[in-house]
Amino acid sequence: MNESVVGGAPLELVLHTEVLEQRLSRPPQHAKENDALLGLARTLADTPQSILQKLADTILDLLRCGSAGVSLVKVIDGAERFYWPAISGRWKPHIGSGTPREFGPCGDVLDHDKPLLFQQFQRRYTYFQAVSPQMEEALLSPFYVRGKAVGTIWAVAHDDSRKFDAEDKRLLCSLAIFASSAYQAVESLESLRKNEEQLRSHAGLLESQVLLRTEQLEKRANEVTTQAEQLRDLSLRLQQAQDVERRHVARELHDSVGQTVAALGFNLANIARQVKGHAPNVVRLAEEGQKMVEELGQEIRTTSYLLHPPLLEEAGLYQALRWYVDGLQNRSPLRIYLEVPQDLGRLSTELELTIFRLVQECLTNVHRHAVSENATISIAHVGELVRLEIRDDGKGMAAVKLADVQSRGSGVGIRAMRERIHPFGGTMDIDSNESGTTVRFTFPYAKPDAAILRWDGTTAP
């Protein structure tokens, strides 16, 4: 946006926040609001890079407005500005634009430190007069990270047929709490990409060195073996670095976002206690809000555990898989059977984490693609090997697709699994037909056979 900071009407002529409480409010739709919050939590877990756009889409849907978006404070050319990384609705072509921090609606919201309702703010901020379609009303709310205001979320009505009310203000304030989580997720993702670029740079340099050394090592077979072991160690360290970042993000979600959600629930409980016996509607709304906050907190905890399951370190592979399977069954119609050797014992930290990630990836594929009602995870000792097997009874793969997967390992998920097992000298095989798909992994392991502990607690040979 090409803006000029020349002002028009004074602020008091475009600011009309008080009318929100005077207008007849539409009834809240708590089920729809709860579904929207759960959808945001899932997006935050699955594709955090798209969470800001998902948040803008959610505002547009819940507030039934013409345009909605997210504004973030950034230092650009030495000065603070707002920029719009996500917009939904009729103003979507303006993604990436922004407004000055010292003279704009977002700046005024941060200065007032509360939600504000504007009417035709282009009369004051004249640079908006060139933006089409024009704005009739705009409702903005600040959001915070660790007590510091870092941006706003907003909803815009482009004609006088849509008037915001107190319920819209409540919804926007609720979404502003989630905006804090979204902002932190995006910031953690800028950090991850930077680390990935650095690792890629190092890997590229090492690859060049390896190619150069290979010409010399052709005559020295013993050094070729040593170099191969070094490359395997490098691959493992790259995966460990990624897991360290996942642990960091999980800790941020659990400690920072989780505390914010807990504090919100505590405040809602206090509200309910303080007005009990005087305002039953307020008590009911506060209790419903507290229930939704508890559900959001549970989703955040689940997301944190999926990023880095603490049970894996504390109790071992069986307990971590059992927790994961139980949670997945609660979130999907898939019935999962878990078979693990009763005396499996503890494996190395790296191998336990690798097996857990392989199970995650395979069950995600079953849930998304297999159209399966059942899945079975089994771990068994076979001679000097330990075998991990994931089976489903879904529709299977087409013969052409299966041949492509077996020959080239096509698909990001398949390649990622092959890379995970490589440092351990593992192998991967896939069989599929109209009766379902079976994925098998084998790793070097030397322990005697043991009874199988089934998911229902019984044992079998």
Side-chain angles (χ1 to χ4, degrees), residues 14-44 50-72 82 84-95 97 99 104-106 108-110 112 114-122 128 131-144 151-183 264 285 288-289 292-293 296:
V14 298
L15 197 58
H16 298 275
T17 310
E18 70 281 356
V19 303
L20 292 171
E21 305 301 331
Q22 300 168 7
R23 292 171 175 168
L24 180 65
S25 290
R26 57 193 174 95
Q29 294 180 294
H30 295 300
K32 183 175 181 180
E33 181 181 355
N34 186 52
D35 289 343
L37 290 173
L38 291 177
L40 284 168
R42 294 189 186 100
T43 300
L44 187 62
S50 65
I51 185 61
L52 295 183
Q53 186 58 48
K54 177 67 173 178
L55 179 60
D57 295 341
T58 301
I59 297 170
L60 188 77
D61 180 46
L62 288 182
L63 271 68
R64 300 179 300 175
C65 52
S67 297
V70 179
S71 300
L72 299 178
F82 282 96
W84 302 336
I87 299 177
S88 187
R90 300 179 68 184
W91 276 4
K92 190 167 185 177
H94 299 291
I95 285 180
S97 298
T99 59
C106 295
D108 284 336
V109 169
L110 294 196
H112 283 73
K114 63 180 182 181
L116 297 179
L117 177 71
F118 296 86
Q119 291 182 349
Q120 298 178 349
F121 60 37
Q122 59 268 21
F128 272 99
V131 179
S132 179
Q134 287 284 287
M135 184 278 294
E136 182 68 24
E137 284 196 350
L139 182 61
L140 293 81
S141 176
F143 67 91
Y144 306 82
T152 68
I153 58 175
W154 45 266
V156 169
H158 296 297
D159 56 67
D160 59 8
S161 64
R162 177 67 175 102
K163 299 293 186 183
F164 295 112
D165 56 32
E167 173 62 11
D168 295 309
K169 176 183 174 182
R170 185 192 71 79
L171 282 171
L172 202 63
C173 289
S174 175
L175 292 171
I177 295 171
F178 197 92
S180 174
S181 304
Y183 178 88
L264 177 61
L285 289 174
E288 290 176 354
M292 288 187 288
V293 167
L296 176 59

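Below, each value reflects all heavy atoms present in this structure, side chains not excepted, and no hydrogens, waters or symmetry copies.
Applying the side chain to side chain donor-acceptor pair (under 3.5 Å) test to Tyr183 and every residue at least two apart in sequence or in another chain returns nothing. Annotation: salt bridge (Lys or Arg N to Asp or Glu O under 4.0 Å) contacts of Lys32 (sequence neighbours excluded): Asp61. In terms of the side chain to side chain donor-acceptor pair (under 3.5 Å) criterion, residue partners of Arg162 (sequence neighbours excluded) are, by chain and number, Asp168. Taking the side chain to side chain donor-acceptor pair (under 3.5 Å) definition, one finds that His112 meets it with nothing, sequence neighbours left out. Contacts of Asp108 classified as salt bridge (Lys or Arg N to Asp or Glu O under 4.0 Å), with partners at least two apart in sequence or in another chain: Arg124. The side chain to side chain donor-acceptor pair (under 3.5 Å) check on Arg64 picks up nothing, with sequence neighbours excluded.
Minimum interatomic distance between Cys106 and Thr152 (heavy atoms only, all atoms of both residues): SG-OG1, 3.3 Å. Between Ile153 and Ala176, the shortest heavy-atom contact is CD1-N, 3.4 Å. Between Ser25 and Asp165, the closest heavy-atom pair is CA-OD2, 3.5 Å. Taking each heavy atom of Leu52 and Pro85 in turn, the nearest pair found is CD1-CG, 3.9 Å. Smallest separation of non-hydrogen atoms from Ser67 and Gly89: OG-C, 4.0 Å. The shortest non-hydrogen separation linking Met135 to Gln119 is CE-C, 4.2 Å.
Residues Val131 and Gln122 are not in side-chain contact: their nearest non-hydrogen atoms beyond the backbone lie 4.5 Å or more apart. In this structure the side chain of Cys65 reaches within 4.5 angstrom of the side chain of Leu60, judged on heavy atoms. Between Glu33 and Pro28 there is no side-chain heavy-atom pair separated by less than 4.5 Å. Using a 4.5 Å cut-off on side-chain heavy atoms (C-beta onward), Trp154 and Leu139 make no contact. Considering only heavy atoms from C-beta on, Glu137 stays 4.5 Å or farther from His16 through its side chain. The shortest side-chain heavy-atom distance between Gln134 and Gln120 does not fall under the 4.5 Å cut-off. Using a 4.5 Å heavy-atom cutoff, the side chains of Pro105 and Leu140 are in contact. With contacts defined as side-chain heavy-atom distances shorter than 4.5 Å, the pair Leu172/Phe143 does not qualify.
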Query raised in the report: Ser88 and Ile59: side chain to side chain contact (heavy atoms under 4.5 Å, CB included), yes or no, with the steps?
Result: CA-CA 8 Å; Ser88 187; Ile59 297 170; over 6 Å; no
Query raised in the report: Hey, mind stepping through Gln53 and Ile95 against side chain to side chain contact (heavy atoms under 4.5 Å, CB included) and telling me if it holds?
Result: CA-CA 10 Å; Gln53 186 58 48; Ile95 285 180; 3.8 Å; yes
Query raised in the report: What's the verdict on side chain to side chain contact (heavy atoms under 4.5 Å, CB included) for Leu175 and Leu37, showing C-alpha distance, side-chain angles and the deciding distance?
Result: CA-CA 8 Å; Leu175 292 171; Leu37 290 173; 4.1 Å; yes
Report task. Begin with the C-alpha distance, continue with both residues' side-chain angles, and end with the deciding distance and a verdict on side chain to side chain contact (heavy atoms under 4.5 Å, CB included) for Leu44 and Phe178. Result -> CA-CA 10 Å; Leu44 187 62; Phe178 197 92; 4.2 Å; yes
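Here the CG atom belonging to Leu63 is positioned 13.0 Å from the NZ atom belonging to Lys169, to the nearest 0.5 angstrom. Rounding to the nearest 0.5 Å gives a distance of 9.5 Å between CG of Leu62 and CZ of Arg170. Between Lys163 atom NZ and Leu24 atom CG the span is 15.0 Å, to the nearest 0.5 Å.
A distance-only check finds a donor-acceptor pair linking the side chain of Ser180 to the backbone of Tyr144 [under 3.5 Å].
The aromatic rings of Trp84 and Trp91 sit parallel to each other, their planes meeting at less than 30°, with 60° as the upper class boundary.
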